[in-house]
There are 2 protein chains.
Amino acid sequence: MGGPLKMSGKKSPNGSRSDQEGTAEARRAPMREFSRSLPMSLLRAREAVMRQFRPSLRNHGLTEQQWRILRALTAVDTIEVTELARVAFLLGPSLSRILRDLEARDLIERRTAKADLRRGEVSISSKGLKLIEAVAPTSEAIYAEITHRFGARKLAELQDMLGELERSLAAMEVAGEGEVEADE
Amino acid sequence: MGGPLKMSGKKSPNGSRSDQEGTAEARRAPMREFSRSLPMSLLRAREAVMRQFRPSLRNHGLTEQQWRILRALTAVDTIEVTELARVAFLLGPSLSRILRDLEARDLIERRTAKADLRRGEVSISSKGLKLIEAVAPTSEAIYAEITHRFGARKLAELQDMLGELERSLAAMEVAGEGEVEADE
DNA sequence: CAAGATAACTTAACATGTTAAACAAATTTC
DNA sequence: GAAATTTGTTTAACATGTTAAGTTATCTTG
């Protein structure tokens, strides 16, 4: 996304452009700057990784998000919907739909908290656990292969940087550019 | 995703809910391993970045993908649909729908190639260009702020690593775990 | 050149992303 | 303690992700 923009028209990225690029620079190396933007880099990298996992998940009838939820549930006894949304990194509405489906497939169980009737408590079912156990070996193998190819050291370093990036932006308040609409 | 799994001790999912502390390891550090997986790290990092841009885009009536397309179009005179899908990193069906919408809003122009009637050639309209120019300043400011907060040096380093990760996985053939279905 | 195979899109169908609104249960206020 | 507000979750509505199938045009072969 927001990579440095150069409005079409005059493009003098750096002086001394003696090549015959003229207006055709685009044809030569299309989208150089654009494809290098941080959001695009992150998107492509993630897709490259997920592309490895999706086929295996699909063979077990799971989407990436469904897997994230079941995977998260294996680490806890029960968990509240909101907390589950946080750890599985899903928005409420998506989670709500997926839980409905997973419950219908008997992969999870659900009840309402007695202390607070608004809250729902979710846990994985034995059937869901079996499914996870069936998928896990392949997933682990793929993850190991990725680690091997990229290098364990570098992988750790990358994840450190990603975490740092997150923290760097956590405090950055999002400016909606106008549209302030007087508080009420 | 596929981070090393640890099937936390069998937690008798159904019935016998008496031991409310049994496998408490979970309560202690929920989702430590899971949240550290590479796909989750990439997803969270990207979301942290995009969260900064979305409000501004939204104020201009653009989604992230629509912006990507228009942004890509500013760098070329015209481009074929397939090539556009590649640079904007969108799947054909998504692109097809979005182009239909952008054309209806007169933000892009479209014609079929005379040499090959299957191919569609797309270009940005003057209206689309004006829109881009209206959004660009804010986007650039946000990108600059991100660069400043995280550090230009580190940002470049991060993008290098992401590119390397992509290349590492490019050749890794995706194993669908069985399901070989005899070739036809 | 006509049938078969490819290629470039587009449609279809289902799942999720994203924002807004609805709802019901708790909490706060006056 | 009832009205107003907040909180936890779900619905709704629209846009995109993802895979499969459909369409039309081009290329390959025999």
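Letters go in sequence order (proteins before strands), and every chain restarts at 1.
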K.L.:
If you pin A:L95 and B:R100 to their nearest nucleotides in DNA chain C, which one's is more 5'?
P.N.:
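This one resolves to B:R100.
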K.L.:
So which one's nearest nucleotide on DNA chain D is more toward 5', A:E121 or A:R97?
P.N.:
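On the 5' side of the pair lies A:E121.
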K.L.:
Within the structure, does a side-chain N or O atom of A:S94 lie under 4.0 Å from either OP1 or OP2 of C:dA15?
P.N.:
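No.
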K.L.:
Considering every strand and a 4.0 Å limit on heavy-atom distances, what is the contact class for B:R58: base, sugar-phosphate, or nothing?
P.N.:
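Sugar-phosphate contact only - B:R58 comes under 4.0 Å of backbone atoms but never of a base.
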K.L.:
Could you tell me the separation between the CE atom of B:M50 and the P atom of C:dT19, rounded to a whole number of Å?
P.N.:
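Rounded to whole Å, this separation is 10 Å.
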K.L.:
Verify the distance criterion only: is there a donor paired with an acceptor across the side chains of B:R111 and B:S123 at less than 3.5 Å?
P.N.:
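Side chains of B:R111 and B:S123: pair found under 3.5 Å.
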K.L.:
A:K127 side chain to A:R105 main-chain N or O, any donor-acceptor pair under 3.5 Å?
P.N.:
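Side chain of A:K127 to backbone of A:R105, a donor-acceptor pair under 3.5 Å: yes, one is there.
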K.L.:
Choosing from C:dA15, D:dG17, D:dA13, which nucleotide comes nearest the side chain of A:T63?
P.N.:
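When the side chain of A:T63 is considered, C:dA15 is the closest of C:dA15, D:dG17, D:dA13.
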K.L.:
Counting side-chain heavy atoms from CB outward, which of D:dT18, D:dG17, D:dT10 is closest to A:E47?
P.N.:
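Taking heavy atoms from C-beta onward, the closest nucleotide is D:dT18.
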K.L.:
Could you tell me how far apart B:R110 (CZ) and C:dC9 (P) are, to the nearest whole angstrom?
P.N.:
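Rounded to the whole Å, the gap is 9 Å.
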K.L.:
What integer distance in Å separates A:I98:CD1 from C:dG17:C1'?
P.N.:
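Taking atom C1' of C:dG17 as the reference, CD1 of A:I98 is at 10 Å.
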K.L.:
Starting from C1' on D:dT18, measure out to CG on A:L57 and report it in whole angstrom.
P.N.:
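Distance, rounded to whole Å: 14 Å.
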K.L.:
Hey, which sits more toward the 5' end of DNA chain C by its nearest nucleotide, A:L90 or A:D116?
P.N.:
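Taking each residue's closest nucleotide, the earlier one in sequence belongs to A:L90.
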K.L.:
Starting at atom CZ of A:R119, determine the distance to atom P of D:dT10, rounded to an integer number of angstrom.
P.N.:
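It is 13 Å, rounded to the nearest whole Å.
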K.L.:
Report the distance from atom CD of B:E80 to atom C1' of C:dT10, rounded to the nearest whole Å.
P.N.:
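Checked: the CD to C1' distance equals 16 Å.
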K.L.:
Which one, D:dT10, D:dT18, D:dT26, comes nearest to the side chain of B:L117?
P.N.:
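Of D:dT10, D:dT18, D:dT26, D:dT26 is nearest to the side chain of B:L117.
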K.L.:
Examine distances only and state if a side-chain atom of B:R44 and a backbone atom of B:S35 form a donor-acceptor pair shorter than 3.5 Å.
P.N.:
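Yes, because the side chain of B:R44 sits within donor-acceptor range (under 3.5 Å) of the backbone of B:S35.
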K.L.:
Taking salt bridge (charged side-chain N to carboxylate O under 4.0 Å, His left out) as the definition, give me every residue that meets it alongside B:R118, ordered by chain and number, with sequence neighbours left out.
P.N.:
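B:R118: salt bridge (charged side-chain N to carboxylate O under 4.0 Å, His left out) contacts with B:D116.
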K.L.:
Could you tell me the separation between the CZ atom of A:R54 and the C1' atom of D:dT19, rounded to a whole number of Å?
P.N.:
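Nearest whole value for this atom pair: 11 Å.
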K.L.:
Please pick, from D:dG17, C:dC9, C:dT11, the nucleotide with the shortest atom-to-atom distance to any side-chain atom of B:Q65.
P.N.:
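Nearest to the side-chain atoms of B:Q65, counting from C-beta on, is D:dG17.
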K.L.:
Just N and O in the side chain of A:R118: are any of them under 4.0 Å from OP1 or OP2 of D:dT7?
P.N.:
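Result: no.
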K.L.:
Looking at A:F34, is its backbone amide N or carbonyl O close enough to the side chain of B:R71 to form a donor-acceptor pair, meaning the two atoms are under 3.5 Å apart?
P.N.:
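Checked: no pair found.
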K.L.:
When you measure from the side-chain N and O atoms of B:R86 to the phosphate of C:dA8, is any distance below 4.0 Å, counting only OP1 and OP2?
P.N.:
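Looking at the OP1 and OP2 atoms of C:dA8, neither is under 4.0 Å from any side-chain N or O of B:R86.
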K.L.:
When the distance from CD of A:E83 to P of D:dG8 is rounded to whole Å, what number comes out?
P.N.:
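From A:E83 CD to D:dG8 P: 11 Å.
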